[in-house]
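Structure first, then comments.
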Amino acid sequence: MAAWNVNDIPDQSGRTAVVTGANSGIGYVTARELARRGARVVLACRSEARGNEAGKRIVSEVPGADAEFVRLDLGDLDSVGEFAATYDHAYGERLDLLVNNAGVMALPQGRTADGFETQFGVNHLGHFALTGMLLPALLNTPRARVVTVSSMVHALSNIDLDDLGSERPSYRRWTAYARSKTANLLFTHELARRLAAVGSDVVAAAAHPGYAATNLQTVGPRMAGRKGAERFMEIGNRVFGQSPQAGALPTLYAATAPGVRPDSFTGPSFAMWRGAPAESWRTGWTRDDTAGERLWDVSEQLTGVPYDALKA
């Protein structure tokens, strides 16, 4: 992986990719660079205005790029279903790459449209439902990949399957975020295991950006009206964060590089913080088969999305 960069992305001509949260940050860079290498990219974003603007920006930066916005609100399972139906109608039965990138971080306590704690609902359950609904197209495509973006912050907390709302003893936004990122890794682990069990060549892998300076860090303090914390995060981004272009490299590596292993976790090479993509450390609890299976069962029940094709 030494010094791997966007110039090493293989030709993506003829491939179709869905990137969630592609209107800004590492999601935007991921979509743009896939389009630059010839992929047909679907920008799956919550805001119609920002999604359309991102599509126009990609075309302006990459003349001839094939990039289209389709609305997706991961905090609303009805929206996830509508996106999947739109994809099936417009793009047929093929999907080469699904990048589960969108996410929220350290928000004040809240609920999704379906009543789930916001961070767990958006970061994990929304992507679990989306992947399940798009699974037939992924299974129908040789060597397809599912790349789910987690975080080094997952190490702060294992998931508590008896407290999915992170409410006991009281809500802590960073604990809730860490648990949602642990859920991303457990989902990848269990998805890879189930794909292997049915003999599928779909690769489920995970990535994280290290500390990438995006708007993700400032949204939570802004929503809470904590001006000091917002300013602190802005300063931290400028002093310590790497650019979104650099932060997207682990995702792009996991999505396109030859030989990416199922259930691998790619991140920045220097202390998981910044630098070229490398195999990243992860906690042991993110490879727990029992926890992965339990989370999977709960996720199917909560979302109403069964992965029937992966059942023996």
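- Connection of V99 to W4 is established within a shared hydrophobic cluster, with ILVMFWY side chains joined at heavy-atom distances below 4.5 Å, either directly or through further cluster members.
- Put simply, OH on Y28 and CD on E33 are 9.0 Å apart, with the number rounded to the nearest 0.5 Å.
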Using a 3.5 Å cut-off and no angle test, enumerate the donor-acceptor pairs between side-chain atoms of residues 82-91 and protein atoms at least two apart in sequence or in another chain.
| unit_1 | atom_1 | unit_2 | atom_2 | d |
| --- | --- | --- | --- | --- |
| T86 | OG1 | E82 | O | 2.9 |
| Y87 | OH | R94 | O | 2.4 |
| Y91 | OH | E68 | OE1 | 2.5 |

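- For the atom pair R261 CZ and E279 CD, the distance stands at 4.5 Å (nearest 0.5 Å).
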- Query: Please walk me through it: do F265 and T148 pass side-chain contact (heavy atoms from CB on, under 4.5 Å)?
  - Reply: CA-CA 9 Å; F265 188 35; T148 301; over 6 Å; no
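- Across every non-hydrogen atom of I58 and A35, the tightest pair is CG2-CB, 4.2 Å.
- Remark: the S180 side chain and the N123 side chain contain an N/O donor-acceptor pair separated by less than 3.5 Å.
- Within the 4.5 Å cutoff, no side-chain heavy atoms of L97 are placed close to those of T141.
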- Working for side-chain contact (heavy atoms from CB on, under 4.5 Å), residues R36 and R32: CA-CA 6 Å; R36 192 188 305 278; R32 183 190 65 199; 3.5 Å; yes
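- In summary, of the residues considered (R179, R111, R173), a salt bridge (Lys or Arg N to Asp or Glu O under 4.0 Å) with E167 occurs for R111 alone.
- Here the side chain of D114 pairs a donor or acceptor atom with the backbone of L77 at under 3.5 angstrom.
- Using modelled atom types, one finds a donor on one side chain and an acceptor on the other under 3.5 Å when comparing D289 with H189.
- Criterion: ILVMFWY side-chain heavy atoms under 4.5 Å apart, direct or through other members. Under it, L191 and V305 are part of a common hydrophobic cluster.
- Note that CG of L310 is 5.0 Å distant from CG of L135, once rounded to the nearest 0.5 Å.
- For the atom pair OG1 (T266) and CG (L252), the distance works out to 11.0 Å, reported to the nearest 0.5 Å.
- Interatomic distance, D73 CG to T112 OG1, rounded to the nearest 0.5 Å: 9.0 Å.
- For the pair V80 and T303, the minimum side-chain heavy-atom distance is 4.5 Å or more.
- In the hydrophobic cluster analysis, where Ile, Leu, Val, Met, Phe, Trp and Tyr join through side-chain heavy atoms closer than 4.5 angstrom, F69 is grouped apart from L134.
- At distances below 3.5 Å, at least one donor-acceptor pair connects side-chain atoms of Q12 with backbone N or O atoms of P10.
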- Verify side-chain contact (heavy atoms from CB on, under 4.5 Å) between S166 and R172, making sure each step is shown before the conclusion. CA-CA 7 Å; S166 298; R172 292 180 174 84; over 6 Å; no
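- L34 and V62 are members of different hydrophobic clusters when ILVMFWY side chains are connected at heavy-atom separations under 4.5 Å.
- Annotation for L107 and V104: closest pair CD1-CB, 3.5 Å, computed over non-hydrogen atoms.
- Contact record, S200 with V202: OG-N, 3.1 Å, taken as the closest heavy-atom pair.
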- Stepwise, does the side-chain contact (heavy atoms from CB on, under 4.5 Å) test hold for L295 with L161? CA-CA 7 Å; L295 175 63; L161 291 168; 4.0 Å; yes
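- Residue R57 qualifies as enclosed at atom CZ: its count of foreign heavy atoms under 6.0 Å is above 12.
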- Does the ring-ring contact (aromatic ring centres under 6.0 Å, His included) test come out yes or no for F128 and Y307, once each step is laid out? CA-CA 10 Å; F128 179 92; Y307 281 60; 4.8 Å; yes
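- With hydrogens and angles disregarded, no donor-acceptor distance shorter than 3.5 Å links the side chain of K181 to the backbone of A155.
- Not counting sequence neighbours, S151 has no partner by the side-chain hydrogen bond (donor to acceptor under 3.5 Å, both in side chains) test.
- With rounding to the nearest 0.5 angstrom, the CD1 atom of I159 is 6.0 Å from the CG atom of L164.
- Taking the six-membered ring for Trp and thresholds of 30 and 60 degrees, H124 and F187 have ring planes more than 60 degrees apart, a perpendicular arrangement.
- No donor-acceptor pair closer than 3.5 Å links the side chain of H154 to the backbone N or O of R282.
- A178 and V153 get closest at one heavy-atom pair: CB-O, 3.3 Å.
- Shortest non-hydrogen contact noted between K311 and P306 is NZ-CB, 3.9 Å.
- Of the candidates R193, R194, R287, D263 forms a salt bridge (Lys or Arg N to Asp or Glu O under 4.0 Å) with just one, namely R287.
- Taking each heavy atom of Y177 and A106 in turn, the nearest pair found is CB-N, 4.0 Å.
- Linking ILVMFWY residues whenever their side-chain heavy atoms come closer than 4.5 Å, directly or via other members, leaves Y171 and L156 in distinct clusters.
- Here the options are T188, T131, T20, the test is side-chain hydrogen bond (donor to acceptor under 3.5 Å, both in side chains), and the partner is N100; only T131 passes.
- Counting heavy atoms of neighbouring residues, nucleotides and ligands inside a 6.0 Å radius, atom CD of E61 exceeds 12 of them.
- Between the side chain of T286 and the backbone N or O of T182 there is no donor-acceptor pair closer than 3.5 Å.
- A donor-acceptor pair shorter than 3.5 Å can be found between the side chains of S280 and H208.
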